[in-house]
> 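Let me give you the structure first, and then I'll get to my questions.
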Amino acid sequence: MDIRTYLRQGKPLLFDGAMGTWFASLPGRAGERCELANLERPEEIAAIHRAYLEAGCRAIKTNTFAVGAELAQGREAQAGRLIEAGCRLALEAAGPYDAWVFADIGPAPQGRALSPGENYCRQADLFLEQGVTCFLAETLSSDEGVPELARHLKARCPEAFLIVSFAVGYDGITRDGCLGSDLFRRAAALAEADAVGFNCVSGPHHLLEYIQTLDLTGVTLSVMPNAGYPTVLGRRTVFQGKPDYFGRKLADIARAGAAIVGGCCGTTPAHIARAAAAL
């Protein structure tokens with residue numbers, strides 16, 4: 001089914017949960033960069049994708065969140081290899097479940113030879129070369145480069161689906177000091193953005209409270225909270241939000257107007273399974 005047709009039915013689209021924090025929790029993986037595992041440990045990345053799909057999600061993200069850093073440092077060939085492998089692993093995992101695969105694009109480094117807009121557009125081209133036409137630009141603390149990405153993507157692939165997702169604290173402010181409400185309003189006004197919302201930094205309780213302060217008229221809203229807030233135990237960072245609580249809150253978020261929901265840092269297949277049941 002076309003993703004727009006699915007969303008018009010009024011059923012929330014459930015995404016997977018975290019890749020990075022779960023990969024880091026595996027034995028001996030805490031110090032490794034998870035995007036490199038597309039090449040070095042593909043079976044582990046494929047297993048994570050499958051676990052989320054088994055939990056009941058209908059969309060998964062490619063393991064490519066930080067690939068923009070490779071482009072920013074001039075390592076375009078490496079960026080291409082990571083994206084190619086990440087797309088292949090996600091597409092192979094999603095196929096038997098008839099799930100959508102979204103190209104995962106994290107914040108572009110600033111102050112480099114490539115502007116954020118140029119960085120995002122180059123990533124979009126690499127994903128399109130792999131046949132991926134759904135995109136999630138996530139954990140953004142500003143909208144620099146977002147209009148360029150949106151226009152470029154739709155010019156290259158008119159049927160592409162783009163979610164733009166910002167990261168705000170419980171006070172509604174991003175790491176760069178931007179008001180989330182301003183970012184949300186500007187992104188929602190982009191004709192080329194299909195959905196707009198928030199992920200990361202905040203847990204489900206605070207994101208639920210926050211979206212209730214916004215004007216959601218005419219917006220396809222996406223909300224993907226963290227499992228909760230991080231606690232440092234020794235040298236480990238853990239998220240103590242429980243799956244049952246997360247699932248109930250994600251259902252509340254859907255009732256409050258979110259058409260697209262999922263999990264960010266600290267969420268596991270158990271969190272997504274409880275969300276699927278609650279939804």
Side-chain angles (χ1 to χ4, degrees), residues 1-22 48-62 90 93-102 104 134-136 138-139 161-168 184 188 194-214 216-229 239-279:
M1 184 186 301
D2 175 77
I3 191 167
R4 294 175 177 86
T5 302
Y6 180 92
L7 290 169
R8 281 196 295 269
Q9 294 178 343
K11 292 185 280 188
L13 174 62
L14 178 61
F15 262 76
D16 55 4
M19 172 65 74
T21 55
W22 191 17
I48 292 173
H49 285 320
R50 289 194 299 270
Y52 279 122
L53 290 159
E54 285 288 333
C57 72
R58 293 298 310 276
I60 62 173
K61 305 178 292 288
T62 58
Y97 297 87
D98 197 26
W100 286 281
V101 170
F102 275 72
D104 192 15
C134 292
F135 288 76
L136 170 64
E138 60 151 319
T139 321
F161 190 95
L162 173 63
I163 304 172
V164 178
S165 185
F166 300 102
V168 297
F184 180 80
D194 297 283
V196 183
F198 303 93
N199 76 289
C200 206
V201 180
S202 293
H205 172 75
H206 284 123
L207 277 186
L208 173 59
E209 288 189 333
Y210 184 64
I211 64 172
Q212 291 172 330
T213 70
L214 303 174
L216 304 178
T217 305
V219 178
T220 300
L221 177 66
S222 171
V223 181
M224 303 186 197
N226 284 352
Y229 291 91
F239 291 80
Q240 296 183 331
K242 301 303 182 186
D244 283 346
Y245 174 81
F246 182 86
R248 291 195 303 272
K249 282 295 183 180
L250 215 61
D252 291 340
I253 287 169
R255 279 191 287 269
I260 300 168
V261 293
C264 203
C265 296
T267 53
T268 68
H271 292 81
I272 298 305
R274 296 312 304 159
L279 290 168

> Check side-chain contact (heavy atoms from CB on, under 4.5 Å) between Ala256 and all other residues, then give those that pass, not counting sequence neighbours.
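Only Leu208, Ile211, Gln212 meet the side-chain contact (heavy atoms from CB on, under 4.5 Å) criterion with Ala256.
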> In Å and rounded to the nearest 0.5 Å, what is the OG1 to CH2 distance from Thr268 to Trp22?
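Rounded to the nearest 0.5 Å, the OG1-CH2 separation comes out at 7.0 Å.
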> Quick check against the 3.5 Å criterion: does Thr62 have a side-chain atom that pairs as donor or acceptor with the backbone of Asp104?
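Checking the backbone N and O of Asp104 against the side chain of Thr62, a donor-acceptor pair under 3.5 Å is found.
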> Could you tell me which non-hydrogen atom of Ala94 sits nearest to which non-hydrogen atom of Ile60, and how far apart they are?
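The answer is CB-CD1, 4.1 Å.
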> Below 4.5 Å, heavy atoms only, C-beta onward: do Val223 and Pro225 meet side chain to side chain?
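In short, these two side chains touch, coming nearer than 4.5 Å.
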> Working to the nearest 0.5 angstrom, can you tell me the gap between Arg8 CZ and Thr220 OG1?
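Output value for this atom pair is 10.0 Å.
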> Could you tell me whether the side chain of Met224 reaches within less than 4.5 Å of the side chain of Ile260, counting heavy atoms only?
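Side chain of Ile260 against side chain of Met224, heavy atoms only: contact under 4.5 Å found.
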> For Ala251 and Leu279, which heavy atoms make the closest approach, and how far apart are they?
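Looking at all heavy atoms of both residues, the closest pair is CA-CD2, 3.9 Å.
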> Would a 4.5 Å heavy-atom cut-off, applied to side chains only, mark Ile3 and Phe102 as touching?
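SC-SC contact between Ile3 and Phe102 confirmed.
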> Using 0.5 Å steps for rounding, measure from the NZ atom of Lys249 to the CZ atom of Arg255.
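Between Lys249 NZ and Arg255 CZ, I get 10.0 Å after rounding to 0.5 Å.
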> Yes or no on ring pair (Phe, Tyr, Trp, His ring centres under 6.0 Å) for Phe161 and Trp100, after CA distance, side-chain angles and deciding distance?
CA-CA 11 Å; Phe161 190 95; Trp100 286 281; 9.0 Å; no
> Is any side-chain heavy atom of Thr139 closer than 4.5 Å to one of Val201?
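They are not in contact (no side-chain heavy atoms under 4.5 Å apart), so the answer is no.
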> With a 3.5 Å distance limit and no angle check, can you tell me whether Ser222 reaches the backbone of Ala195 through a side-chain donor-acceptor pair?
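No; judged by distance alone, with no hydrogens or angles, the pair does not exist.
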> Identify the two heavy atoms, one from Gly266 and one from Thr21, that lie closest to each other, and give their separation to 0.1 Å.
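Reported closest heavy-atom pair: N-OG1, 3.0 Å.
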> Can you see which heavy atom on Gly257 is nearest to which on Leu216, and at what distance?
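Between these two residues, the closest heavy atoms are CA-CD1, 4.5 Å.
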> For Ile163, is there any backbone N or O sitting under 3.5 Å from a side-chain donor or acceptor partner on Asp194?
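Not a single qualifying donor-acceptor pair exists.
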> Would you give the length of the straight line joining atom CZ of Arg248 to atom CD1 of Ile253, rounded to the nearest 0.5 angstrom?
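It is 13.0 Å, given to the nearest 0.5 Å.
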> Using ring-ring contact (aromatic ring centres under 6.0 Å, His included) as the criterion, point out the one residue from Phe198, Tyr210, Phe166 that pairs with Phe184.
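Output: one option passes, namely Phe198.
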> So, for Leu7 and Ala259, which heavy atoms are closest and what is the spacing to 0.1 Å?
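Closest approach of Leu7 to Ala259, heavy atoms only: CD2-O, 3.8 Å.
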> Enter the distance from Ile272:CD1 to Cys57:SG here, rounded to the nearest 0.5 Å.
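Nearest 0.5 Å value for the CD1-SG distance: 7.0 Å.
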> With the side chain counted from C-beta on, respond yes when Arg274 and Tyr245 share a heavy-atom pair under 4.5 Å apart, and no when they do not.
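In short, these two side chains do not touch, never coming nearer than 4.5 Å.
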> First locate atom CG of Asp252, then atom NE2 of His205, and finally report the distance between them rounded to the nearest 0.5 Å.
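Rounded to the nearest 0.5 Å, the CG-NE2 separation comes out at 11.0 Å.
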> How close do Leu221 and Gly197 get, heavy atom to heavy atom, and via which atoms?
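Closest pair (atom of Leu221, atom of Gly197, distance): CD1-CA, 4.0 Å.
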> Any non-hydrogen side-chain atom of Gln9 less than 4.5 Å from a side-chain atom of Met1?
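Side chain of Gln9 against side chain of Met1, heavy atoms only: contact under 4.5 Å found.
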> Quick one: list whatever passes salt bridge (Lys or Arg N to Asp or Glu O under 4.0 Å) with Lys61, sequence neighbours left out.
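So Lys61 forms a salt bridge (Lys or Arg N to Asp or Glu O under 4.0 Å) with Asp16.
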> Can you name the one residue among Cys200, Ser202, Pro204 that meets side chain to side chain contact (heavy atoms under 4.5 Å, CB included) with Asn226?
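Of the listed residues Cys200, Ser202, Pro204, the side chain to side chain contact (heavy atoms under 4.5 Å, CB included) partner of Asn226 is Cys200.
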> Is there a donor-acceptor pair closer than 3.5 Å between any side-chain N or O of Tyr52 and the backbone N or O of Ala18?
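Flag set: sc Tyr52 to bb Ala18 pair under 3.5 Å.
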